Structure formats: structure tokens, C-alpha cells
Asker: 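I have a structure I would like to understand better, so I am pasting it below and will then ask my questions one at a time.
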Amino acid sequence: MPAPRKVDLLPPELKRWLEAELRTRGFAGYEALAEALNWKLAEEGLELRIQKSALHAFGAEYAEFVKVQESASAWAAEWMTEAGIGEEAKRHNVLFQMITALAFKVMQAEMVKDAGEIDPKSLHFIGRMMKDIMASSGIREQLAAAERKAQAAKLDAAVAAGEVTEDFRAEARRIMGFA
């Protein structure tokens, strides 16, 4: 097993500082960042020193994670807007975004190891989490109701256009469960 990366040995508060600095500096200026980080490490009394090449490797990985997280957040917001999910979904929006970002992070971690192969168990558990959140928030029921309403409107339009009979519409509505 390879030795842990030096960045992974940072105390949590310094790692959060490093991540914030990377975003603030636009994922650039690694030489100055290495100097600032090593100064902070010395100030904390830690003997750990990190070179700019290690920071650059971590920065590239973290930049990709930030990009994926932003994409996940944008996707969740767009999906909820397009689906017209309503007030209940707004309450679950933050939770859903967090789980989506976590899913992308887990998939990214899985892809880094084992030559890019994702463990099917990880995908199963992530999918299960997202399904449970959607079910608990009533999203699925609201989407189903919207779909039933759309299907009923199509049947009504088909009757109005003379494409199907009233009896057919009534039977179709009964079969689909929204008589």
C-alpha cells in the first residue's frame, strides 16, 4: 500500500484552509501557496512540509471535485425547476444537492483507484440513498401526479380532435387508474 500523500496528513483545519485558498487563488500560484502553507505548518509546530508539486497535484484533483460539485448542484436545481416539484422539494433541495455531491465524490474516488473502475456496490448504495430521499420528500408522487394529469390532457385532446371516442377515453382512464 502506498504511503499517504502529505496533503492527506494535514490537520482538518489546515486542509479546509488549503481548499479555501485554492478556490480563492483560482487554483493557481502554487509556489506562494506552498510557502504560506509551510509557514502555517511551522507556526503550528508541525514538521510536515509540502512542496508545490504535491499542492499542484492535489489542487488539480480538488478543482475537478469542485467542478463536479458545482455541476451536481446545477443539475439538481435545473431538474427541480423543470419538474415543477413545488414547495416540498424546496425543503429537500439542500439535502438532495448534498447527496448528489457526495455521490459524485464517491464515484470520483472510486475512479481514482483500480484504474477507473467503479465498485458496483458503491453505485448501488448511492442510488439507494438518492431514491430514498426522493421517496421521502414526495417527489415521486408529485411527478406521478403530473404525469397522470398530462396523460389525461392528451386523452381529452384526442377526444376533442376526434381521434378516439369518449368510451375509449373513459376505458383508458380507468385502466391507467385516474378515472
Side-chain angles (χ1 to χ4, degrees), residues 1-83 85-140 143:
M1 179 174 240
R5 300 180 307 176
K6 286 188 176 184
V7 172
D8 294 331
L9 299 174
L10 288 172
E13 64 277 357
L14 282 179
K15 192 163 186 183
R16 284 191 298 273
W17 174 87
L18 174 60
E19 290 169 349
E21 282 295 307
L22 283 166
R23 287 189 306 270
T24 300
R25 295 170 187 239
F27 299 94
Y30 287 99
E31 193 168 315
L33 182 58
E35 188 177 312
L37 177 60
N38 286 326
W39 183 82
K40 283 189 163 292
L41 288 167
E43 191 176 63
E44 296 275 328
L46 300 171
E47 294 182 23
L48 179 66
R49 297 296 175 265
I50 301 179
Q51 296 179 355
K52 74 174 185 169
S53 59
L55 287 180
H56 189 271
F58 175 76
E61 180 183 305
Y62 185 65
E64 185 62 28
F65 169 71
V66 168
K67 181 179 171 185
V68 167
Q69 192 174 29
E70 288 171 352
S71 294
S73 180
W75 173 82
E78 181 179 333
W79 180 78
M80 289 185 161
T81 300
E82 286 178 1
I85 294 185
E87 290 301 314
E88 187 174 354
K90 288 179 184 176
R91 290 191 300 269
H92 289 82
N93 188 17
V94 172
L95 180 60
F96 189 77
Q97 284 184 20
M98 289 171 56
I99 296 297
T100 304
L102 176 64
F104 278 89
K105 185 176 181 180
V106 169
M107 288 189 325
Q108 181 185 26
E110 287 291 323
M111 290 174 66
V112 170
K113 63 183 183 184
D114 297 326
E117 293 184 26
I118 298 174
D119 179 19
K121 279 189 206 175
S122 295
L123 285 179
H124 168 77
F125 290 124
I126 291 167
R128 179 79 184 241
M129 262 192 312
M130 294 178 86
K131 177 184 167 231
D132 290 347
I133 287 171
M134 288 176 71
S136 73
S137 68
I139 293 171
R140 186 174 52 203
L143 290 174

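Numbers here simply count residues along the sequence, with the first being 1. From a predicted model like this one, the values you see are computed outputs, not experimental measurements.
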Asker: Mind checking the NZ-OH spacing from K67 to Y62? Nearest 0.5 Å is all I need.
Answerer: 15.5 Å
Asker: Between atom CD of E61 and atom CD of E64, what is the distance when rounded to the nearest 0.5 Å?
Answerer: 9.5 Å
Asker: What residues, two or more places apart in sequence or in another chain, satisfy side-chain contact (heavy atoms from CB on, under 4.5 Å) together with V7?
Answerer: L10, K15, L18, I50, L55, F58
Asker: So, using side-chain contact (heavy atoms from CB on, under 4.5 Å) as the criterion, who are the partners of R25 when residues are at least two apart?
Answerer: E21, A32, L33, A36
Asker: For E35, enumerate each residue passing the side-chain contact (heavy atoms from CB on, under 4.5 Å) test, keeping only those at least two apart in sequence or located in another chain.
Answerer: none
Asker: With sequence neighbours left out, what residues match Y30 under side chain to side chain donor-acceptor pair (under 3.5 Å)?
Answerer: none
Asker: Applying salt bridge (Lys or Arg N to Asp or Glu O under 4.0 Å), can you list everything that pairs with K6, at least two apart in sequence or on another chain?
Answerer: none
Asker: Once salt bridge (Lys or Arg N to Asp or Glu O under 4.0 Å) is applied, what residue pairs with a partner in residues 41-59 remain, sequence neighbours excluded?
Answerer: E31-K52
